[in-house]
Structure formats: structure tokens, C-alpha cells
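In what follows, chains are A, B, ... by sequence order, proteins preceding strands, each numbered from 1. Every heavy atom of this structure was used, including side-chain atoms; hydrogens, water molecules and symmetry mates were not.
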Amino acid sequence: MSEHPSSALFSSSPDQGESYLARLNPEQRAAIETTDGPLLVLAGAGTGKTRVLTTRFAHILLTERAKPWQILAVTFTNKAAKEMRERVSLLLGSPAEGLWLGTFHALCARMLRRHADYVGLSSSFTILDTDDQLRLLKQVMTPWQIDTKRWPAPGILGVIQRWKDRGLTPERVTDAEDSDFADGHVRAIYTAYQARLIQLNACDFGDLMLHVTEILRTRPDVLAQYHRLFRYILVDEYQDTNTIQYLWLRLLALRPGEPSNICCVGDDDQSIYSWRGAEVGNILRFEKDFPGAQIVRLERNYRSTRHILGAAAGLIAHNDERLGKTLRSGRDDASGEKVLVVGVGDSDEEARDVCGMAQKMRAEGHSLSEMAILVRAGFQTRAFEEKLVQSGVPYRIVGGVRFYERAEIRDALAYMRVLNQPSDDLAFERILNTPKRGMGPAGVQKLHAAARSRHIPLTAATQALLAEKELKGKTGDLVRALMTALDTTRDILAREGHVVAVEHLLEESGYLAMWQADTSPEAPGRLENLKELVRALADFGTLGEFLEHVALVMEHDENAGDARISLMTLHGAKGLEFDIVFLPGWEEGVFPSQRTLDEGGLKGLEEERRLAYVGITRARKHALIFHAARRRIYANWQPSMPSRFLEELPDEHVIRHEARDTLHRALRSADSVFAGGAPLVARRRRDPLAEQAASFQLGDRVRHPRFGEGIIVAANHHHVDVAFENEDGIKHLQSTFLEKL
DNA sequence: GAGTTTCCATTTTTT
DNA sequence: ATGGAAACTC
């Protein structure tokens, strides 16, 4: 970015004025300068997609084709939206404000607040999280007496969401569609669920898209208004769009008598979200959908070495349904290491070797922040975590339980929601008995009944029942205390602002006391999280703004700082890149996943292969693939076969170490682990761990890379117990990571 | 209404 | 193995 001094952008001289285009290759330039008419940019991994997107945005503005608010720019994640905003600001040399730039959902929320009345909502509608959705659905579906063993509520919610993804309002669901699930009652449940949402003045995520699309479909005046407004549309990750997103884009893009200036950027080879409604078909059909569309292919990769690209290309070539695109190295010097494929005995060895190699690489001068372990499924992370902790390698898990999804955060948010909007029944229901106030399911039922018969929200019903002495005794006192706390907090909110008010409410309601009294080991962390939440609150002007942000941006920057190796799923790694990427678990059944194969057949296999392609292309310098002969799944060991994807990697780009002996020799030697090629000697292996452990004795002083110095207090053949000077309690460790003093 | 026990499933995830 | 949710008891 620094290569473009922003001052040049505002020069009137044509030469200088186009300096932001100077360092682009011809395809990138074409993608940016083809401003009018539909354009599909097929951007392979690492071909400068984000740069093209942001430069195109700036180009449209700088050539005065449109004002900032006349461009609609859509991304999938908040992270992508944020990055785009920052980079556009940088190109323009001033903060990019007043733009229609955001995620599909954030943009739809903004539109829906303007036209909420067309679908029976008021513009202050609440956006529900998954928790609320599920609780609401469970309430709504009771009359149907669904066998929740066979058809669990999350499954039904999934069906409804999938319908919403496809733009199907309840009326549009056909009989045939409905009959597949829960004895054909889902459409009826869906209808009731939607009605209840409207009653609550609430939306789920799907509704944001569905309602707005419905408005655009049925209100020509509203549609025309947006047609006049948006002259240019930019879409990121087009291969991930689902049907409703496609319909929404199409409605906005197809302007009568005007060109469709829609530019979609995507990569069909990186489509990995079909299981949640994404339609690869959208990108494959682009030319048909938007007549006169031009296509630009970005195939010059500036990220990875020649071998990494070769391996990835060889793999993805096995897919049939492709638009066709070949990644070429954009660099002349690109030689680099071959992709390393390592076969190990079992999943424990795999974790140990990955960990050991990460340490070796670190010793060779690579930062941990430039390394990642990418797994197929979440359950694989545990083994790696264990080994990383034992060996003292700092790591971070990406995509675990996120900040705003933690129980204590959701509770606190529910308190804020009730404060913000007393009619938010779902939030009220959540806080009513948290902490315990003697309100169980029966009590809640009573409140619901009262609220329904009087057509008032739950909070009002509660007040009424308290006044009428219908709620009394200990329960009544506790509930009254909650209502009083809410009332006094409203005064404080008006006088002293939202931060003080929220602090007061959490204190007075007894919510903080609940965690303070909690003796479980997580309690202090939860209190810490609550503090962090209050801190974040201060960044917003009002409670309402904060809640809107939280509903749409379910992420929160936490301790980014220091160098750690990243541990995440392949899905989570999309869009990221690292110098060194470890890819464990390449075994039949794990990767490709058996379940995907069973459910998705050949299409499923192709998606898994794309996932593998995404994994390999995350690596800039080194890609290391592992497979184990046995894997521990839950309790027991299961034999596993190498993944078919391994055979699909072209030999000229790969080194294969099919036994761990050579690998260990390489790990210990000063040579790079990639030097390889040493002939394997199949010799009976002694147990090196047992040998090492035996050399430790009770009372020995030892040093651990993470925990420091300590004394051995117990030892058996594989593990030792150590009391460290600077750590509480006794640590049970594998002796491999200890150094005898 | 709350605490205890048993049973069950267990890919991928954003908004 | 493990955690989460439904079922069961006090």
C-alpha cells in the first residue's frame, strides 16, 4: 500500500492521476478499468483479489464516475468489509465515510430499517442471535408435538434457514418441499415462527435478506429508488452467495434502460460453503444472468512458491465442474521447497511431529505468527493443543467460542436489550431467572399466558402480576427486585449515560454477584469478559448503536499481539495466508470427510477437494501435509488410509516421507527437513520416550520452555510430574519437552 | 423448582 | 472421552 503516495491521487495531471494503476499487471488493470457493464473477475488464490477490488472502488471515485454513496460494495464477513474500508480510505487519502460498504446482512439491516413498515416491522426491530432463534422456535413448535428425537429443533431451524437462503417465504414453500421433514409440518411451523417474529418486532439473520428482497420485489418505487442510487455494485467472494443474495443483487443490478454495472469477484475453485446454502451455480451462470458480461481471469499468483502452486493446481485439476483457470507463478525467482507429505504411525505422533517441526522452524528464524495448523474438523484441534501446551509453543485457536457467544456475554447483552427495549420478550425471558429467582418453566408459562391474553409484552405482564399479587413469596420479591433494578437503571441511563447504567444494572440485578459467588475455575475469566464488554460499550454513543453492532458483528478483537502459531479449521483459514502451513489428517474418512462423501457424493468430493486446494494455497513458503496410519477417535483407535488427495498431488512438486524415522532424523539434524530423500531403513524402533523418561528421576531439577524450572515429583515410563517454581500446582508432562539441569 | 442422572451424538460457520 | 440436553427424582 505504501507504494502509492496518496497525494498523487488528487493530482489533475493524467499521468500522476493514474499512478495507483501503475504496479498492476494487465489482467488486474483490465479488472479495474472495465467499469461499465457486468464483469466477472475470476481471481485465483493469491492473485491480488482484494487489491483489485479496492483499487477498482477508488478508481470509480477518482474518475468521478460516481459519488461514494452511489457504490454498493458487498462482502461476506465483517473482517473483509473492514479491510476493504481501510484500504479504500488509504487509496483515497481520507476516511471512507457514508459508503454503502458492508456485509450482505449489515446492508440489508440498514435498508430494512428504512422500509420496515412494508413487512409489518417497526424500524427499531431487534436482530436475534442463534440462541434466541432456537428458543423461539421451540416455543412455537410445541403445538405440533413433533418427535424431537427424530426431528430436533436445530434441524427444523436448519430447514427453515435453508428455505430462507433460497428466498422462500412460507407461501412459496411447495408441498413437495415441505413433505421431506417432520411429517410435513415444517411449513406450518415456519409460518407460525414468522408470525411470532413480527409480533416480537424481531428478525433473524435470514429475514434481513428475505424481507428486503421481498420489498424490492413488490415495491417498484423502492426498487427504483435504489436503482437511481447505486450506479456501481461490487461483490466479493461471489462463489459463496446463496440464492437469496443472488436475487437481491440481481434486483439491484438490473436497472431498466441502464447498464448493469455489477462486478463480481470470486473463485469457483474456492467454493467451500455449499453446505450452508452457497450456490456455486451463481458464479458458473454469471454470463447467462448478466448478458454482455465480460470475464477477466487473474491467474498470476504472487503468494506461493512454484511447487506449492504446482501441487495445488495438480490437485484441483481432478475436479470436473470448473470454469477453468490455472495459477501461474507471478514471480521469476519462484523455486522454493517442495510440498512435504509425511506419513506417521498414529495421530499422537502426528501432533508431536507437527509441534516438533514448528519448534524447529521457529529455531530457524520463522515467526510463529507465520505458521498455521489447518485441520478439517474442530475435534482434531484438541490433540494439537495438548502437544502445544506441553512443549510450550504459544498458539491461538481461531474460531473457537467467540466473545459475543459466551454465556456471560449473552446474559449481559440480554440485560442491555431489556433496558433498551422493554418489549424484548426473548431477552427478558433469558434474564428473568439468571441469576436464579425461583422462576422455572411453570412460572414463565404463567407470565406468557398473562402477556398473551392482555396483548402486552412480558415485562408489562410481570409488572401486572406483581401488582395483582399473583406473583408473591420469595419468587415475587426477587422478581420485583429485578424490575426495580431495571427502573432505577432507566433513570441512570437518562442522566449518566449507558456505560454507568449498564454497570449499575449488572450490579443491582445480582448478575455480577452470581459470578462473584461462583467458585468454578472459569468464573474469574467470565468476570473479566464482562469488564471487557463494558469497556467496549464506551466506544459507542448509545446502547442501541452498541446492540446493533453486536448483533451484526459477532466478533471482538482480543489479545492479538504476540507471536503465536494459529490453529484453525480449513474453512476458517480461507482468505488468510502464512509462510508455513501444516495440514494434518489427510486420511480417507477424515479428509475427505466420510459424511460429506455419504451426503454429497461426487459433488461432496469435489467440495472437499476445493477445501484441500484452499488449504495448500494458504502457504507462501512451506506446505507440510500429514497422514497417520491409526487415529484415536473418541475412545478407541481406528486404522486409517491415506487420503486419495495425496495421490493426486503431482510427484514433481512433492517429497514423500512415508515413515517417521527419516523425519525424526531430519528433525534432529541441522539440515532442513525438506532435504529429504534419505533411504528408509525399516528397523524396529525403540521407544525414545520411554528411554528419556527413564533418565529422569525423582528430585531432578528440570527446565521447561514454557513453565521454567522445577523439580520432578513423580516419574513413570512416559510421563513425569513436575512442580515448577513459578507455576501453581503439579504439571503432568511428557518428558520429551524437559531439559535436565 | 432445582439438582442429579442418564443418554446421546459427534464437520465445516457467517451473519 | 466428553459435554450437553432431556428425563427423573427430591
Task: Pair E237(A) + K574(A): basic N to acidic O under 4.0 Å - done: yes
Open item on the list: Classify the ring geometry of F230(A) against Y226(A): parallel below 30°, tilted from 30° to 60°, perpendicular beyond 60°.
Closed with: parallel
Task: Salt-bridge contact E599(A)-R595(A) (side-chain N to carboxylate O under 4.0 Å) - done: yes
Open item on the list: Students often mix this up, so state it plainly: with edges at 30° and 60°, are the rings of F540(A) and H549(A) parallel, tilted or perpendicular?
Closed with: tilted
Task: Earlier contact from the 5' end, DNA chain B, for A442(A) and F379(A) - done: A442(A)
Open item on the list: Closer than 4.0 angstrom, basic N to acidic O: yes or no for R417(A) and D424(A)?
Closed with: yes
- [ ] May I ask you to say what E599(A) touches in the nucleic acid, namely base, sugar-phosphate or nothing, with a heavy-atom cut-off under 4.0 Å?
- [x] base
Open item on the list: For F645(A) together with H318(A), are the ring centres under 6.0 Å from each other?
Closed with: no
- [ ] For N242(A), report the nucleic acid contact type (base, sugar-phosphate, nothing); a contact means any heavy atom under 4.0 Å.
- [x] nothing
Open item on the list: Determine whether the aromatic ring centres of residues F104(A) and W248(A) are separated by less than 6.0 angstrom.
Closed with: yes
Task: Protein-to-nucleotide contact annotation, 5' to 3' order, nucleotides 2-10 of chain C [B base; S sugar-phosphate only; - none; under 4.0 Å, heavy atom] - done: S--------
- [ ] Using a heavy-atom cut-off of under 4.0 Å over every strand shown, decide if T475(A) touches base, sugar-phosphate, or nothing.
- [x] nothing
Open item on the list: Let me spell it out: for each of K79(A) and H571(A), pick the nucleotide of DNA chain B with the closest heavy atom. Which residue's pick is nearer the 5' end?
Closed with: H571(A)
Task: Whether D268(A) side chain and I283(A) backbone form a donor-acceptor pair below 3.5 Å - done: no
TODO: Looking at every strand, decide which applies to G206(A) at a 4.0 Å heavy-atom threshold: base, sugar-phosphate, or nothing.
DONE: nothing
Task: Sugar-phosphate only, base, or nothing, as touched by N78(A) at under 4.0 Å among non-hydrogen atoms - done: sugar-phosphate
Task: chain A contact limits on DNA chain B, taken 5' to 3' with a cut-off of 4.0 angstrom to heavy atoms - done: dG1(B) to dT15(B)
